[in-house]
Amino acid sequence: MAIAVAKHPVENRRRRTRRLPYLLIAPAALLMLAFIAYPMISVLYYSLQDYNVTKPWRNGFAGMSNFTRIFTDDPQFWHSLNFSVRWVVVEIALQLLIGLALALLVNQTFVGRGLSRALVFSPWAVSGVLTTTIWMLLYNPSTGMTRYLADAGIGSYGHSLLSDPHTVFWAAVLAELWRGVPFFAILLLADLQSIPGDLYEAASVDGAGRLRQLFHITLPHLKDAIVLSTLLRAVWEFNNVDLLYTLTGGGPAGQTTTLPLYVANTGLDGHDFGYASALTTVAFVILLFFSVLYLRLSKFGGDRA
Amino acid sequence: MTAALVEEGALVPVAAVPGTRRGRRRGRGPADGPPRWQIYLPLGLYLLFTLVPFYWMLLFAVRPDGSTSLVPWPATGAHFDKVWNDRSFGTFFQNSMLVGVATLILTTVVALSGGYALARFRFKGRTAFLIALLCSQFVPGALMLVPLFQIFRHLQLINSLWSVVISETVFQLPLSVILLSGFIRGIPEALEEAAWVDGCTRLRAFFAVVLPMLRPGLVAVGSFAFVHSWNHFLFALMFLSEQDKQTIPVGLNTLIGADSVDLGALAAGGVIAAVPVVIVFAFIQKWLITGFSAGAVKG
């Protein structure tokens, strides 16, 4: 080998490289096949089965009956889907708006910029369960923020924001917002920094004000980053269950149950794997459909294509 | 469309940031900035929103039971002592560390190899592999719980930390591969070829030339894998039922779900959960905005 290398170093390597890339991607590909692709196929398989550990005598091929049941005879499905959509839309809209404002803000030059960036972005690293921990302390009716606000004459004593059906949605939204905004701020800031400063200088010379610069230079430049980040974040918000599972447990009275939470409850607590698999399939198809639709409608990467 | 997106490298340029420094100097925004108060006022308000919750947790963690003081003084270590010893957070911490470090190593090594293949070779199935990586972003981990549980039961890995390490690694891989391949593409291939001409094998050239230049990317991918597995909750909750195998988020969830929540202990547990990620965050936050932003996409 060493001799061959000495003769035609670069040429030799080129020839041996035919199998190398496959060897290199093998570990990643095998892991994903075994633990992503195979589970997905098994979900598809079970979605056509009656499979319930607690009622084994009924197990067997079910045809489309699981799917018929979802669409015709399951109010909880529609309820949780409806909540999921509302949750994702509200969260993404607010996170994007505030995140964008924040990114524009910390992109300015000012004293203390480095430190403010670090502090403002810090909830990004915080987990869903830790977010719940923190906001449960804040929302606690007897020792939380609400009590001190009541001391100051705002709101009433002993009011629990998380068990009141009128406030639980916004209480959860606020907690998730706290953790979610930094994601957009970080991503958009990264993209803001790739806008050449000369563009703004030229615009200034032409007499364009700051607002016009925002709408004619900054936002068009950010478009692809905004589309991509909102899409990925929306999928993530749709799928993520940590926060709601621990903060509200889907309650009060199933009010804040998202679709994945409903699936997890059906499969793991109810042991109805067949039906849970059918729900999973439906959720996945819905996600995929809206993602493709969103990319089409927003003409993502249009300038390049 | 997805293929086009990948081929054009729409995802990648954020990751591959040659000339970061120049980019930073150029990109200061409008030459005539807004008045100072228009920066400091909204920023101050938002900082309040960000920091008060952290402060609240710290306050509850060190405040003696029954106190209503809003300053963390006099402080007590009683809550920490309680969660660390009586509520097994010492054990949970150790488990979380093991999972975090194992996930970090496994993810980085596997992603490095896959990322190198994507960056340096054109091969049949390359696009298919890329599309698979992207599509896996849409696969919800929460919805894969049931089949994954069955697989791990088959492999007799339930109640083994490996079940969590493997699941975390698998869901962390796609983005890590894309991110690292972006970084590797930013390193000129000519440097490697020069090393081959000098008689290095491809492997030695990789270690001598590519790896040292890849440090920012490795830090990004590695710390991202660590933070994610440290934070993740569902896999550990479902695959580890023995008390002495559980991780910090599961321990927190137990405290949250207790019939009468011990707020002091909960807050102290929260602080323990926060410390490692805060340290990692402080360490990487400068990279976050440049090289790391593509990774942040995952949340």
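To find a chain, count down the sequence lines: A is the first, B the second, and so on, and within it residues start at 1.
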Q: Sort B/Ile166 into side chain, backbone, both or neither according to what part of it lies under 4.5 angstrom from a heavy atom of chain A.
A: side chain
Q.
Which one wins on heavy-atom pair count under 4.5 Å against chain B: A/Leu287, A/Leu102, A/Leu247?
A. A/Leu102
Q: Kindly say whether B/His232 contributes a backbone atom to a donor-acceptor pair with the side chain of A/Asp242 at under 3.5 angstrom?
A: no
Q: Taking all heavy atoms of B/Leu173 and all of A/Ala28, pick out the closest pair and write down the distance.
A: CD1-CA, 4.0 Å
Q. Using a cut-off of under 4.5 Å for heavy-atom pairs, which of A/Ser122, A/Pro260, A/Ala26 has the most such pairs with chain B?
A. A/Ser122
Q. Taking C-beta and beyond as the side chain, do A/Tyr46 and B/Gln150 meet within less than 4.5 Å on heavy atoms?
A. yes
(Q) Between B/Pro53 and A/Trp178, is there a side-chain heavy-atom distance shorter than 4.5 Å? (A) yes
Q: Examine A/Tyr245 together with B/Phe233 and report whether their ring centres are nearer than 6.0 Å.
A: yes
Q) Taking atom OH of A/Tyr38 as the centre, does the number of heavy atoms from other residues, nucleotides or ligands within less than 6.0 Å exceed 12? A) no
Q: Report the option among A/Ser291, A/Ala175, A/Ala225 that has the most heavy-atom pairs separated by less than 4.5 Å from atoms of chain B.
A: A/Ser291
Q: Verify the ring-centre separation between A/Phe35 and B/Phe152: is it less than 6.0 angstrom?
A: yes
**Q.** Options A/Ala37, A/Ala34, A/Pro123, A/Ala185, ranked by heavy-atom pairs under 4.5 Å with chain B, top entry
**A.** A/Pro123
Q. Shortest non-hydrogen contact from B/Phe281 to A/Ala118?
A. CE2-O, 3.3 Å
Q: Determine whether B/Phe49 and A/Val120 make a side-chain contact, defined as any pair of heavy atoms from C-beta on separated by less than 4.5 Å.
A: no
Q: Among the options A/Thr280, A/Leu137, A/Val235, pick out the one with the most heavy-atom pairs lying under 4.5 Å from chain B.
A: A/Leu137
Q: For A/Leu177, enumerate each residue passing the side chain to side chain contact (heavy atoms under 4.5 Å, CB included) test, keeping only those at least two apart in sequence or located in another chain.
A: A/Glu91, A/Leu94, A/Gln95, A/Ile98, A/Val181
(Q) Heavy-atom cut-off 4.5 Å, strictly under: side chain, backbone, both or neither for B/Val227 against chain A? (A) side chain
(Q) Measuring centre to centre across the rings, with the benzene-like ring taken for any Trp, is B/Trp56 within less than 6.0 Å of A/Tyr139? (A) no
Q. Parallel, tilted or perpendicular: which describes the rings of B/Tyr40 and A/Phe110, with under 30° parallel and over 60° perpendicular?
A. perpendicular
Q: Would you give the length of the straight line joining atom CD1 of A/Ile25 to atom CZ of B/Arg126, rounded to the nearest 0.5 angstrom?
A: 10.5 Å
Please table the atom pairs, donor to acceptor, closer than 3.5 Å between any side-chain atom in residues 109-117 of chain B and protein atoms at least two apart or in another chain.
{"unit_1": "B/Ser113", "atom_1": "OG", "unit_2": "A/Leu24", "atom_2": "O", "d": "2.3"}
{"unit_1": "B/Tyr116", "atom_1": "OH", "unit_2": "B/Glu192", "atom_2": "OE2", "d": "2.4"}
{"unit_1": "B/Tyr116", "atom_1": "OH", "unit_2": "B/Arg202", "atom_2": "NH1", "d": "2.8"}

Q. Should A/Val129 and B/Ile256 count as side-chain neighbours, where that means a heavy-atom distance under 4.5 Å?
A. yes
**Q.** Pick from A/Pro27, A/Ala283, A/Gly114 with the largest number of heavy-atom pairs that fall under 4.5 Å of chain B
**A.** A/Pro27
Q. Considering only heavy atoms, which portion of A/Tyr22 lies under 4.5 Å from any heavy atom of chain B: side chain, backbone, both, or neither?
A. side chain
(Q) Report which part of B/Leu58 has an atom under 4.5 Å of a heavy atom belonging to chain A: side chain, backbone, both, or neither. (A) neither
